[in-house]
Trainee: 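I have a structure I would like to understand better, so I am pasting it below and will then ask my questions one at a time.
Being a predicted model, the structure only gives us computed values, none of them experimental. Values below: all heavy atoms of this structure, side chains included; hydrogens, waters and symmetry mates excluded. Within every chain, numbering begins at 1; the chains are lettered A, B, ... in the order of the sequence lines, protein sequences first and strands thereafter.
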Number of protein chains: 2
Amino acid sequence: MKVLSKSSEYGLRALLYLVGNSSGQEYVSIRELSEQLDISFHFLTKILQSLTHAEILISYRGPNGGIAFKIPPEKIMLSDVVRVLEGDDFFNTCLLGLPGCGAQAPCPMHQFWKEIRGALKQEFENTSLASMGHTALLSSLRLGP
Amino acid sequence: MKVLSKSSEYGLRALLYLVGNSSGQEYVSIRELSEQLDISFHFLTKILQSLTHAEILISYRGPNGGIAFKIPPEKIMLSDVVRVLEGDDFFNTCLLGLPGCGAQAPCPMHQFWKEIRGALKQEFENTSLASMGHTALLSSLRLGP
DNA sequence: CGGTTTTAGGAGTATTTTGTCTTAAATTAA
DNA sequence: TTAATTTAAGACAAAATACTCCTAAAACCG
Ligand code: SF4
Ligand code: SF4
């Protein structure tokens, strides 16, 4: 079951690392992130660029540059992140991949899927990066327990 | 959010069609399925082959041949189907894509993800093809409401 | 038997996702 | 000012997924 793309996975891991390892307003370099989390530097750079464009992060070039949160991680919900990295209709997809779904004549899977999808959405919308990240040990973001 | 691969989507749609449109032990040809559901014939053939190998379907060649349920659709759970088409650890994946996860030192997403994943699994394991398919209008499997 | 219909199986192609590389621009510091 | 460091941006390559095509094998029908 692949809910998130690699981009989202990497993005989330980077953000959680940032929560746990940046004290205040310092910039953390993408190089450090990529090495500590074992993610391709260039690939991660692009992912974080998207988050910078989306005003979740700010970036700064040059020595001692890097990225930092633009808004406090207490106010960044998981749903904000995945909406940027997966697209706006992330929580609105059909289980069977059919286009143009409404409520007029739902297919037999609709009710079932709508509930699951809704629970996931709600959970993502109520969970902040800070609430996940304050316990984020580096090791747990590298290889899984 | 893409939970199922195309193979699973097509496989499920075909099975649901079968529930709604096969009276008893008749074979339904893959050609009919592919045309009615607008799925590539050759691609669908392979997907259904997997389900035949897994003993969910039986197939028969030659004129008036096709596929049919080997076990009654009341006893085929959604989880049985996706396990065949997505692999055995479909309900056991990590949200962050990290390998080798246990419970020793769960990462900050674990509890949250475990619950969502568990709900989905339970729902799939308790829902039979028959219970979804008996209301499956053809149109609802073609384009979505 | 020979021709037709149907699934089986495998090779090959196309598209999407993921990852790499190269160059440019901004910033710092010597 | 020059060199070093860092993000930005886009072209390119590799891998995974999705799809197509061709030939075989089984079953049927005349
Ligand atoms: S009604 Fe059916 S086709 Fe529409 S979103 Fe729900 S599952 Fe998908
Ligand atoms: S503990 Fe973390 S790494 Fe392990 S399965 Fe759960 S979310 Fe994934």
Trainee: Using ring-ring contact (aromatic ring centres under 6.0 Å, His included) as the criterion, list what pairs up with B/Phe43, not counting sequence neighbours.
Mentor: B/Tyr10
Trainee: Would you list the protein and nucleotides 25-30 of chain C atom pairs, both N or O, that sit under 3.5 Å from each other?
Mentor:
| residue | atom | partner | partner atom | Å |
| --- | --- | --- | --- | --- |
| C/dA25 | N3 | A/Arg61 | NH1 | 3.0 |
| C/dT27 | O3' | A/Tyr60 | OH | 3.2 |
| C/dT28 | OP1 | A/Tyr60 | OH | 3.3 |

Trainee: B/His42 NE2 to D/dT23 P: how many Å, rounded?
Mentor: 12 Å
Trainee: Starting at atom CZ of A/Arg31, determine the distance to atom C1' of C/dC21, rounded to an integer number of angstrom.
Mentor: 12 Å
Trainee: Compile the donor-acceptor pairs under 3.5 Å between side chains in residues 76-86 of chain A and protein atoms, sequence neighbours left out, one pair per line.
Mentor:
| residue | atom | partner | partner atom | Å |
| --- | --- | --- | --- | --- |
| A/Asp80 | OD2 | A/Met77 | N | 2.9 |
| A/Arg83 | NH2 | A/Glu125 | OE2 | 2.9 |
| A/Glu86 | OE2 | A/Ser5 | N | 2.8 |
| A/Glu86 | OE2 | A/Ser5 | OG | 2.8 |
| A/Glu86 | OE2 | A/Ser8 | OG | 2.5 |

Trainee: Within the structure provided, determine whether A/Leu51 and A/Leu15 are in side-chain contact (heavy-atom separation under 4.5 Å).
Mentor: yes
Trainee: With a cutoff of under 4.5 Å between side-chain heavy atoms, which Ile, Leu, Val, Met, Phe, Trp and Tyr residues group with A/Tyr27?
Mentor: A/Ile58, A/Tyr60
Trainee: Does a nitrogen or oxygen in the side chain of A/Ser29 sit under 4.0 Å from OP1 or OP2 of D/dT6?
Mentor: no
Trainee: Expressed as a whole number of angstroms, how long is the span from A/Leu44:CG to C/dT20:P?
Mentor: 12 Å
Trainee: For residues 2-12 of chain B, which residues have at least one heavy atom under 4.0 Å from DNA chain D?
Mentor: B/Lys2, B/Ser5, B/Lys6, B/Tyr10
Trainee: Need to verify one output field. Residue with the more 5' nearest nucleotide on DNA chain D, A/Lys46 or A/Gly66?
Mentor: A/Gly66
Trainee: Any residue in residues 47-59 of chain B with a heavy atom nearer than 4.0 angstrom to DNA chain D? Just list them by number, or reply none.
Mentor: none
